[in-house]
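The figures here come from the full heavy-atom set of this structure, side chains too, leaving out hydrogens, waters and symmetry mates.
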Amino acid sequence: MAELILYNTLTRSKEIFEPLHPPRVGVYVCGPTVYGDPHLGHARPAITFDVLFRYLSYLGYQVRYVRNITDVGHLENDADEGHDKIATRARLEQIEPMEVVQRYSDHYHQSMDQLNVLKPSIEPRASGHIPEQIEMAEKILKAGYAYISNGSVYFDVEKYDAENHYGKLSGRILDDLLATTRDLDGQQEKRNPFDFALWKKALPEHIMRWNSPWSPGFPGWHLECSAMSTKYLGETFDIHGGGMDLMFPHHECEIAQSKIANGKDSVRYWMHNNMITINGQKMGKSLGNGILLDQLFSGDHPLLEKAYNPMTIRFFILQAHYRSTLDFSNEALQASEKGLARLMKSIVMLPGLPTGNNTTINIEEWKTNCFNALNDDLNTPILIAHLFDMVRMINLISDGKESITQMDRDALVLQFRQFVFDILGLLEDQSSAGDSEILPKVMEMILSLRQEAKKNKDFALSDRIRDELGKIGISVKDKKDGAEWEIG
RNA sequence: GGUCACAUAGCCAAGCGGUUAGGCACCGGUCUGCAAAACCGGCUACAGCGGUUCGAAUCCGCUUGUGACCUCCA
């Protein structure tokens, strides 16, 4: 099998993936800040890296997948009078900050379950790793790349940039950053506006606070990921993922901190998923055009024509490459919904396919095509295109226009299911799974009555049976001999 | 303003120098009492202008348009 190739943001090129310590692979992905309900944007990285996690595991790697929960309220802006999101929300709802954290973490988990996103191996919280973060800040201070100012600790970007390239991930030059930095309000504490906090002294009204050698306060914006990835994956690890919007400054800061604290580069492959857009514009909390996952699932949103099944959302996301923007629309979602239904139907049909003495379709080539797509930087849309090629073949076999041996069919069943369920992480449509044993028998009886009516040319009756069944959600499709039915 | 992306048929979306991407929609046909499903066929596009090449959606340049990042964001 061909090797797995991943696009590394750091080198801006596709590289063959080689783990540092095979068969083990370490993956760190930036998770959500839990101060609000999960929205469509959260689904993209979760699903993208879920597929990576699944595929690496499928390939036989022992993957340790770490996805954090940010539960320390980061300030809204760089100025001292910025607002802590979690504390703000807590004040609004008149509850403890940790209640906010708990509520939205639970909600996030629930939505991820619905999308069939596997749980990460470790899901560390920033608030649970304050000592590690303090320790890391101390290391950086000791190394001389940070300074204390009014109880806060800042990273000295200028000094770092003298020997390293601050901005190498996002392709930025420090001088340019200086030129484009905006208002310097409340930044008197810093030597340079682009310096970032490792530790922030808490203002009196700031509820979330911890003791530190410098002041009662809280860790800086970016430190948690460096501290937790180092703790669980080591000083150097394989893959770090996240949304493209985190590239700068978040990941840039991580690179700098880890380099100084650990004395070496921490991440080997940086992967970034692109954004979901709505009418061509980024879907973002601050833009107020976000759609919550719950709203998608219930259809309760002015922009939604109907409710969409979580698997439709998952399939929709997988039909675009993770590095491309994906434009949301009802039309696109409904196209995915129908396509997914066709794919699922064919999976149900596959095991019962009539078999013959020879196989007239090229299964090996198909399989190779599928793996090539996955190996080419997780090109799920291409994989799905190949899956649909096989759907056509399955239908042709069903129609007797192609044939397959029993051995090939049984192998195909396994392979097809692996692609769809194990790797892409789709779930069988729950609604079509019959939960009653009586229903099929009843249906058999009704349909035989209808068959009789048809035989007697009593089409008024046969149509009435079909129409009435249709009204209660059962569709009937006539075949050459008899008829089949399905719910939905 | 700086940096960087992207512009593909009605819609979504692959494509990484030379063969039909794929899904949805639409239009014919087969099948059927009718329908649905399924199958076969049709629609076959690459923002514009130049350049490189035997050959470009694919490489280079310019133009136009859109977006992202430069502040928290997935």
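Separation of the C1' atoms belonging to B/A57 and B/C46 is 5 Å when rounded to the nearest angstrom. Comparing the C1' positions of B/C73 and B/A13 gives a spacing of 26 Å, expressed to the nearest Å.
Taking the side chain of A/Ala385 as heavy atoms from C-beta on, and the options B/G22, B/U71, B/C34, the nearest nucleotide is B/G22. The listed nucleotides are B/G67, B/A37, B/A74; the one nearest the side chain of A/Gln281 is B/G67. The A/Pro45 side chain lies nearest to B/A74 when the options are B/C70, B/C12, B/A74. In this structure, of B/C39, B/C69, B/G22, it is B/C39 that holds the atom nearest to the side chain of A/Asp399. The side chain of A/Asp327 has B/A13 as its nearest neighbour among B/A74, B/A13, B/C16. In the set B/A68, B/C12, B/A38, B/A38 carries the atom at the smallest distance from any side-chain atom of A/Arg342. Distance from the side chain of A/Phe316 is smallest for B/C12 among the nucleotides B/C11, B/C12, B/A13. Closest to the side chain of A/Asp245, from the set B/G33, B/A13, B/A74, is B/A74. In the set B/A35, B/C70, B/A36, the nucleotide with an atom closest to the side chain of A/Asp478 is B/A35.
Side-chain N/O atoms of A/Asp389 and base N/O atoms of B/G22 include no donor-acceptor pair closer than 3.5 Å. Judged by atom type and distance alone, A/Asp176 does not reach the base of B/C70 through any side-chain donor-acceptor pair under 3.5 Å. The base of B/C34 is paired with the side chain of A/Arg466 by a donor and an acceptor separated by under 3.5 Å.
Backbone-only engagement by A/Thr325 is indicated by non-hydrogen atom pairs under 4.0 Å involving sugar-phosphate atoms exclusively. The residue A/Gly41 sits close to a base: some heavy atom pair falls under 4.0 Å. Nucleic acid contact for A/Lys338: sugar-phosphate only, since backbone atoms but no base atoms lie under 4.0 Å from a heavy atom of the residue. Residue A/Met247 is out of contact with every strand shown, counting any heavy-atom pair closer than 4.0 Å. Nucleic acid contact class of A/Ala332 (heavy atoms, under 4.0 Å, all strands): sugar-phosphate only. Across all strands shown, A/Leu326 has heavy atoms under 4.0 Å from sugar-phosphate atoms exclusively, and none from any base. At the heavy-atom level, A/Leu387 lies nowhere under 4.0 Å from the strands shown.
Remark: P of B/A74 and CD1 of A/Ile317 are 14 Å apart, rounded to the nearest angstrom. One interatomic measurement links the two molecules: CD1 of A/Ile382 to C1' of B/G23, which rounds to 12 Å at whole-angstrom precision. The interatomic distance linking A/Glu305 (CD) with B/A25 (C1') rounds to 13 Å, in whole Å. In this structure, CD of A/Glu402 is placed 15 Å from C1' of B/A38, rounded to the nearest angstrom. As rounded to whole Å, 17 Å separates atom P of B/C12 from atom CZ of A/Phe315. Protein atom NE2 of A/His251 is 9 Å distant from nucleotide atom P of B/C73, rounded to whole Å. Look at CG on A/Leu174: it is 15 Å from P on B/U3, rounded to the nearest Å. Nucleotide B/G22 holds its P atom 13 Å from the CG atom of A/Asn369, rounded to whole Å.
Ion pair A/Glu189/A/Lys201 not flagged as a salt bridge, since none of the NZ, NE, NH1 or NH2 atoms sits closer than 4.0 Å to an Asp/Glu carboxylate oxygen. Here A/Lys168 does not pair with A/Glu252 in a salt bridge; the nearest charged N to carboxylate O distance is not below 4.0 Å. Under 4.0 Å is where a charged nitrogen must lie from a carboxylate oxygen, and between A/Lys477 and A/Glu484 no such pair does.
Here A/Phe388 does not count as stacked on B/G23, because the ring centres are not under 5.5 angstrom apart with planes under 30°.
For B/C40, the OP1/OP2 oxygens have no side-chain nitrogen or oxygen of A/Lys401 closer than 4.0 Å. The side chain of A/Arg392 contributes no N or O atom lying less than 4.0 Å from OP1 or OP2 of B/U20. The phosphate of B/A38 (OP1 or OP2) has no side-chain N or O of A/Asn395 nearer than 4.0 angstrom. Here A/Ser324 reaches the OP1 or OP2 of B/A14: one of its side-chain N or O atoms lies under 4.0 Å away. The side chain of A/Asn379 contributes an N or O atom lying less than 4.0 Å from OP1 or OP2 of B/G15.
Taking a pair to require two hydrogen-bonding distances under 3.5 Å in either a Watson-Crick or a G-U wobble arrangement, B/C69 pairs with B/G2. The partner of B/G41, taking Watson-Crick or G-U wobble pairs whose two distances both stay under 3.5 Å, is B/C27. Base pairing of B/C62: its partner is B/G48, meeting the Watson-Crick or G-U wobble criterion (both donor-acceptor distances under 3.5 Å). Under the Watson-Crick or G-U wobble criterion, with both distances below 3.5 Å, B/U20 has no partner in any strand shown.
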Exercise. Between A/His251 and A/His272, is a ring pair (Phe, Tyr, Trp, His ring centres under 6.0 Å) present by the stated rule, with each step listed?
Worked result: CA-CA 10 Å; A/His251 291 158; A/His272 292 93; 4.9 Å; yes
For this session: Go through the steps for A/Gln334 and A/Tyr308 under the test side-chain hydrogen bond (donor to acceptor under 3.5 Å, both in side chains), then give the verdict.
Result: CA-CA 8 Å; A/Gln334 280 161 33; A/Tyr308 297 97; 3.0 Å; yes
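Geometrically, A/Arg172 engages A/Phe248 in a cation-pi contact, judged by NZ or CZ lying under 6.0 Å from the ring centre and within 45° of the ring axis.
Judged by distance alone, the side chain of A/Asn274 and the main-chain N or O of A/Arg323 form a donor-acceptor pair under 3.5 Å.
Looking at which nucleotide of RNA chain B each of A/Gly31 and A/Gln319 is closest to, the 5′-most match is held by A/Gln319. Map A/His386 and A/Leu396 each onto its nearest nucleotide of RNA chain B; the residue landing nearer the 5' end is A/His386.
When ring centroids are compared, A/Tyr154 and A/Phe196 stay outside the 6.0 Å threshold.
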